[in-house]
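Worksheet for the structure shown next.
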Amino acid sequence: KIYKDFIDNNIYTPSRGNLSKNNNYIFIGIRPGHVYAHLSKADTAWLFGPSSILLHKLLISLNIYPYFTNIYNEPNKPFNKDFTFIFKELIIVIYIYKIVYKINELNIIFMGNYEEYPLFKEYLLNHNYFKKFNMKINFFNIWHPGYLARGYDEYKFENWKKQILKNILV
């Protein structure tokens, strides 16, 4: 149903990534980038912009392949704090992990520092539908890959990697 919503409403960048039971990481960005946004209906479009390339490099270096999504699913829409699509999507993902895989803990990694992240976290955790799962979710923030893309150097990249090693891959 969620993917039907994406198609029926012509929403860009449906989520991508690994939903295997060997993964319990969900990386959330604020919205798709503008670079190559016209390709975002293709399966691997999230790999195309400068930020995505750096994120991919980071995840390969850590040997993880997470699930990806965005709070807003179109590159040109205003930030309106409408969490409808992200909520519906994550409820399905959480259902898969909790009910199908019997996994009781997930890690949600927000990329960047946006006012929507704590609001969405509160919305998710306090929603009656989510509460039925009785699932632990750890929330973390890391630098947005765009921060590195605007002024890349290897030192910043290693510090970005340490954010995950120190807080997430414990």
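Taking CZ of Phe87 as the reference point, atom CD1 of Ile92 lies at 10.5 Å (rounded to 0.5 Å). Here the straight-line distance linking atom CD1 of Ile64 with atom CD1 of Ile109 works out to 6.5 Å at 0.5 Å rounding. Between the CZ atom in Phe68 and the CD1 atom in Ile28 there is a gap of 12.0 Å [rounded to 0.5 Å]. In this structure, Ile30 CD1 and Ile71 CD1 are separated by 5.5 Å, a value rounded to the nearest 0.5 Å. Put simply, CG on Leu54 and CG on Leu59 are 11.0 Å apart, with the number rounded to the nearest 0.5 Å. Between Ile103 atom CD1 and Lys98 atom NZ the span is 10.5 Å, to the nearest 0.5 Å.
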Verdict with supporting geometry, Phe27 and Ile164, side-chain contact (heavy atoms from CB on, under 4.5 Å): CA-CA 11 Å; Phe27 278 65; Ile164 294 178; 4.1 Å; yes

Chi angles and distances behind the side-chain contact (heavy atoms from CB on, under 4.5 Å) call for Ile108, Leu124: CA-CA 12 Å; Ile108 291 181; Leu124 179 67; 4.2 Å; yes

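Counting only N and O atoms by type, the side chains of Tyr101 and Asn22 include no donor and acceptor under 3.5 Å apart.
In this view, Lys161 satisfies the side-chain hydrogen bond (donor to acceptor under 3.5 Å, both in side chains) rule with no residue, not counting sequence neighbours. The ring pair (Phe, Tyr, Trp, His ring centres under 6.0 Å) search around Phe120 returns Phe83, not counting sequence neighbours. Shown here are the salt bridge (Lys or Arg N to Asp or Glu O under 4.0 Å) partners of Lys57, two or more places apart in sequence or in another chain: Glu154. In this view, Glu122 satisfies the salt bridge (Lys or Arg N to Asp or Glu O under 4.0 Å) rule with no residue, not counting sequence neighbours.
Judged by distance alone, with hydrogens and angles left aside, the side-chain atoms of Tyr65 form no donor-acceptor pair with the main-chain N or O of Asn23 at under 3.5 Å. Of the possible donor and acceptor atoms, one in the side chain of Lys156 sits under 3.5 Å from a partner among the backbone N and O of Gly151.
The neighbour count for Phe79 CZ, taken as heavy atoms of other residues, nucleotides or ligands under 6.0 Å away, is above 12. Within a 6.0 Å radius of CG in Asp153, more than 12 heavy atoms belonging to other residues, nucleotides or ligands are found.
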All N/O donor-acceptor pairs, side-chain side in residues 131-150, below 3.5 Å, sequence neighbours left out:
from, atom 1, to, atom 2, distance (Å)
Asn138, ND2, Glu105, OE2, 2.5
Asn138, ND2, Asn107, OD1, 3.0
Asn141, ND2, Gly112, O, 2.9
His144, ND1, Gly146, N, 2.8
Arg150, NH1, Gly146, O, 3.3

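Two residues are said to be in side-chain contact when any heavy atoms from C-beta on lie closer than 4.5 Å; Ile96 and Tyr67 fail this criterion. Contact of the Tyr152 side chain with the Pro50 side chain is not registered, since no non-hydrogen atoms from C-beta on lie closer than 4.5 Å. Proximity of Val93 to Thr69: side-chain heavy atoms (C-beta onward) are nowhere separated by under 4.5 Å. Residues Asn159 and Gln163 form no side-chain contact, since every pair of their non-hydrogen atoms from C-beta on lies 4.5 Å or further apart.
In the hydrophobic clustering of ILVMFWY residues, with side-chain heavy atoms under 4.5 Å counting as a link, Leu62 and Ile60 come out apart. Two different hydrophobic clusters hold Leu55 and Tyr155 under the rule that ILVMFWY side chains link at heavy-atom gaps under 4.5 Å.
Note on residues 111-120: pairs passing side-chain hydrogen bond (donor to acceptor under 3.5 Å, both in side chains), not counting sequence neighbours, are Tyr72-Glu116, Lys81-Glu115.
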